[in-house]
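See below for the structure under consideration.
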Amino acid sequence: MKVVTTLAELIDVRAVLPSPFGLVPTMGFLHQGHLSLVRRARAECASVGVTIYVNPTQFGANDDSNNYPRDFDRDLSLLEAEGVDLVWAPNDEDMYPPDFQTWVEVEALTRALEGIHRPGHFRGVTTIVAKLFNATQPNKAYFGQKDAQQAVVIRRMVQDLNFPLKVVVCSTVRESDGLAMSSRNSHLDPQQREAATVLYRALTAATQAFDAGERNAEVLRNIMSEVLLTEPLARPQYVSVADPDTLAELTGTVECALLSMAVYVGKTRLIDNMVVENKGKGIRD
Ligand code: PAF
């Protein structure tokens with residue numbers, strides 16, 4: 001496994017890796033969710049690269065990138081064990097030189113959901129992901145369904161800017177009690193960690209109601225909100241029933257929907273989602 005930091009080193013190492021090359025962009029502090037993306041890439045590609053970069057431009061004023069958990073040595077041992085060929089941990093000088101002034105912005109899709117509460121977040125994500133794609137030239141890039149809006153936004157960017165690669169979105173990996181794996185879970189104390197399962201419980205309640213025939217968007221939203229209310233440590237920021245493709249909030253009867261939410265548990269902001277679909281109306285990609 002080659003580990004590089006500068007763009008110049010990356011380009012040399014990447015040039016000799018066989019195609020198809022699969023890329024897993026990460027911010028490090030890896031967990032089983034990341035490793036599931038790596039394993040999928042390993043199964044589908046002749047060579048696999050992972051980037052580790054805590055991208056400062058996707059963090060807001062109240063969400064400092066310096067507080068993001070890091071453990072580079074542990075990340076490297078996990079990736080070595082997965083048979084990764086290349087790890088690129090870019091430096092700030094290559095990613096954001098002092099005169100940096102070019103941004104990639106996806107418009108309407110980033111104004112919904114997370115975009116309402118994290119202004120500028122997706123501009124940071126799409127800019128860094130475009131830079132990582134340009135530098136590493138992947139044939140496939142792997143993202144988690146846990147960040148559902150990010151996956152939709154990156155797919156749009158790839159299509160709109162004609163990046164010659166396929167975006168692969170992999171299922172959310174959960175702890176045994178349902179909590180979606182996230183590097184941010186490490187900030188939760190034991191009591192908060194227990195409370196954090198309320199996101200999964202709320203999503204599961206709405207999914208079960210949908211499967212039992214409930215199709216009204218408002219009722220599904222209320223089911224989730226009511227479960228969240230039962231947890232005193234949880235402070236919901238939003239609860240959404242949205243179109244999985246346009247991310248527009250839905251009203252009335254729904255046949256397919258992205259159920260999602262952002263909830264503070266203590267100072268930690270957690271997000272999670274599930275997609276519900278009337279199978280009789282056709283299977284989604
Ligand atoms: O999902 C993440 O970890 C980040 O948003 C990404 C895609 C690596 C961009 O910094």
Side-chain angles (χ1 to χ4, degrees), residues 5 7 10 22-38 40-41 48-60 63-72 74-76 78-79 84 86-92 94-96 100 102-106 109-110 113-115 117-136 138 140-158 161 163 165-173 180-187 247 260 262 268-273:
T5 50
L7 188 55
L10 179 268
L23 181 71
V24 183
T26 81
M27 297 205 295
F29 209 69
L30 304 178
H31 50 67
Q32 288 300 319
H34 297 112
L35 298 183
S36 75
L37 307 182
V38 171
R40 176 88 176 262
V48 174
V50 175
T51 58
I52 298 179
Y53 182 60
V54 181
N55 172 35
T57 66
Q58 68 186 77
F59 289 81
D63 187 21
D64 191 353
S65 60
N66 293 322
N67 294 333
Y68 200 81
R70 290 167 166 84
D71 193 340
F72 190 59
R74 181 174 168 274
D75 290 347
L76 291 186
L78 289 170
L79 295 175
V84 165
L86 161 67
V87 176
W88 181 30
N91 54 45
D92 289 338
D94 281 332
M95 292 298 96
Y96 297 108
F100 184 86
T102 304
W103 298 92
V104 177
E105 195 155 1
V106 173
L109 286 173
T110 64
L113 302 173
E114 289 292 287
H117 303 279
R118 303 186 70 189
H121 167 69
F122 286 113
R123 184 173 95 136
V125 170
T126 43
T127 300
I128 196 67
V129 171
K131 286 172 69 82
L132 298 174
F133 285 173
N134 280 335
T136 61
K140 291 185 170 194
Y142 296 82
F143 297 90
Q145 173 62 20
K146 151 97 178 5
D147 294 298
Q149 185 173 13
Q150 171 172 281
V152 172
V153 166
I154 288 171
R155 271 215 167 112
R156 183 79 255 160
M157 176 188 81
V158 163
L161 297 184
F163 279 100
L165 63 93
K166 184 172 170 2
V167 171
V168 181
V169 180
C170 303
S171 307
T172 303
V173 178
M181 290 201 183
S182 164
S183 307
R184 289 172 196 266
N185 294 349
S186 63
H187 292 308
L247 306 179
S260 69
T268 308
R269 185 176 183 276
L270 301 172
I271 59 170
D272 199 357
N273 70 85

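Throughout, residue positions are numbered sequentially from 1 according to the sequence presented. Both counts, for ligands and for their atoms, begin at 1 and track the order of listing.
Ring geometry for Tyr96 versus Phe100: interplanar angle over 60°, hence perpendicular rather than tilted (30 to 60°).
In this structure, Asp63 pairs ionically with Arg118, as a charged nitrogen and a carboxylate oxygen lie closer than 4.0 Å.
If you number the atoms of ligand 1 from 1 as listed, the ones under 4.0 Å from a heavy atom of Gln150 come out as 1 (O), 2 (C), 4 (C), 5 (O), 7 (C). Ligand 1 places these atoms under 4.0 Å from at least one heavy atom of Ile128: 9 (C), 10 (O). Under a 4.0 Å criterion applied to the non-hydrogen atoms of Gln58, ligand 1 contributes the atoms 4 (C), 5 (O), 9 (C), 10 (O).
Here the heavy atom of the protein found nearest to atom 3 (O) of ligand 1 is Met27 CG, 3.6 Å.
Contact annotation for Thr26 and ligand 1: only backbone heavy atoms (N, CA, C, O) come within less than 4.0 Å of the ligand.
A distance-only check finds no donor-acceptor pair linking the side chain of Lys146 to the backbone of Ser182 [under 3.5 Å].
Ser36 is linked by a side chain to side chain contact (heavy atoms under 4.5 Å, CB included) to Val173, counting only residues two or more places apart in sequence or in another chain. For Gln32, the side chain to side chain donor-acceptor pair (under 3.5 Å) partners two or more places apart in sequence, or in a different chain, are Arg39.
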